[in-house]
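What follows is one structure encoded as structure tokens, with my remarks underneath.
Within every chain, numbering begins at 1; the chains are lettered A, B, ... in the order of the sequence lines, protein sequences first and strands thereafter. Just so you know, these numbers come straight off a predicted model, no measurement behind them.
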Amino acid sequence: MKRSSSVHPAGKPNMEESWQTIAEFAVPSEPGNERRAMEMVAGAVKGLGVPDSRFENLKTAVAEASLNAMEHGNQYNAELEVSIRVSSTPRMLSIQITDSGGDPAFMQEPGTPDLDAKLAGLQSPRGWGIFLIKNMVDEIRFNVDETHHTIELIMHLDENPSAPREG
Amino acid sequence: MAKANVTMDVRKISDQVSVIDIQGEINGFAENTLMDAYTQANAGKTQTIILNFTGLDYMNSSGIGLLVTLLIRANRLKQQLFAYGLNDHYRQIFDLTRLNEAIRVFADEREALAAAEKVLS
């Protein structure tokens, strides 16, 4: 696992604070490895002040994003890795999950899954991944180029980011 | 290739009520295990199947999809699915997905069995 300081790769949310890369690692695209990715991120962010109530949410979002990257992005080709970068500021946490770009459809904003429609056979029983991610973190961003897809998960480290801060 | 990392044991409480004790992970690989357990739980005149999540280690979106598939099958047979043993995180996911509207969630087995008996009476 590499550790280094850097400017946030997206370069956008970096108006007031500089981003520090906490960890970078890669996981082969093999079924079940999303849990490995999840545990690695969980280990990397321990001590960063993620509220207990949101730690499990972050783990679920990372697992779902990694699952999508391995299954849809890399088609479960074990020779292709999913790379993960964990960055933070004192107030925010960013997890970037990048695949080698297979099926771009899963990166698009899907419709909200509807349980009633699924039970009626009008929607597939599956299709909960992006919905879960969106509900587990504060913001998600997609970045697609010719060879890679990246999903970025943003979580505020404050319990209530809109509350006035001391100092 | 990863394999299912889950076991599901079925207990017949009565002719109408079965409990499936889930231990491990509910993901895409759990499909055969879950459907086999459902078939076993479904023997006789089963009206209520109770899913015991006390031993749940991990569930992902594919696993949620499997629960929806299970619900579709149970609905066809006019059976009810109950659940207990979910931790706070998975209760939150049941709320978000509205699974808790289709699968009644209880704190423990005693409460779930009492509700099942009430349905039968």
Under a 3.5 Å threshold, yes or no: a donor from one side chain and an acceptor from the other, between Thr150(A) and Asn143(A)?
no
Answer with side chain, backbone, both or neither: which region of Glu56(A) has an atom nearer than 4.5 Å to a non-hydrogen atom of chain B?
both
Between His148(A) and Asp99(A), a side-chain donor and acceptor under 3.5 Å:
no
Check whether Leu132(A) gets within reach of chain B through its side chain, its backbone, both or neither, counting any heavy atom under 4.5 Å.
side chain
Salt-bridge present (Arg36(A), Glu30(A); N to O < 4.0 Å)
no
Chain A contact via Glu101(B) - which portion, at a heavy-atom distance below 4.5 Å:
neither
May I ask you to test the Val86(A)-Val41(A) pair for a side-chain heavy-atom distance under 4.5 Å?
yes
Report yes if the side chains of Ile50(B) and Val17(B) come closer than 4.5 Å at any heavy-atom pair, otherwise no.
yes
So, are Arg11(B) and Glu109(B) salt-bridged, with charged N and O less than 4.0 Å apart?
yes
With a 4.5 angstrom heavy-atom cut-off, could you sort out which part of Ile93(B) is near chain A: side chain, backbone, both or neither?
side chain
When you look at CG of Asp88(B), are more than 12 heavy atoms from neighbouring residues, nucleotides or ligands closer to it than 6.0 Å?
no
So if I take each residue of residues 53-66 of chain B and look for any heavy atom under 4.5 Å from a heavy atom in chain A, which residues do I end up with?
Asp57(B), Tyr58(B), Asn60(B), Ser61(B), Ser62(B), Ile64(B), Gly65(B)
Would you mind checking which part of Asp116(A) comes under 4.5 Å of any heavy atom in chain B, side chain (CB onward), backbone (N, CA, C, O), both or neither?
both
Within the 4.5 Å heavy-atom criterion, are Ile130(A) and Phe142(A) side-chain neighbours or not?
yes
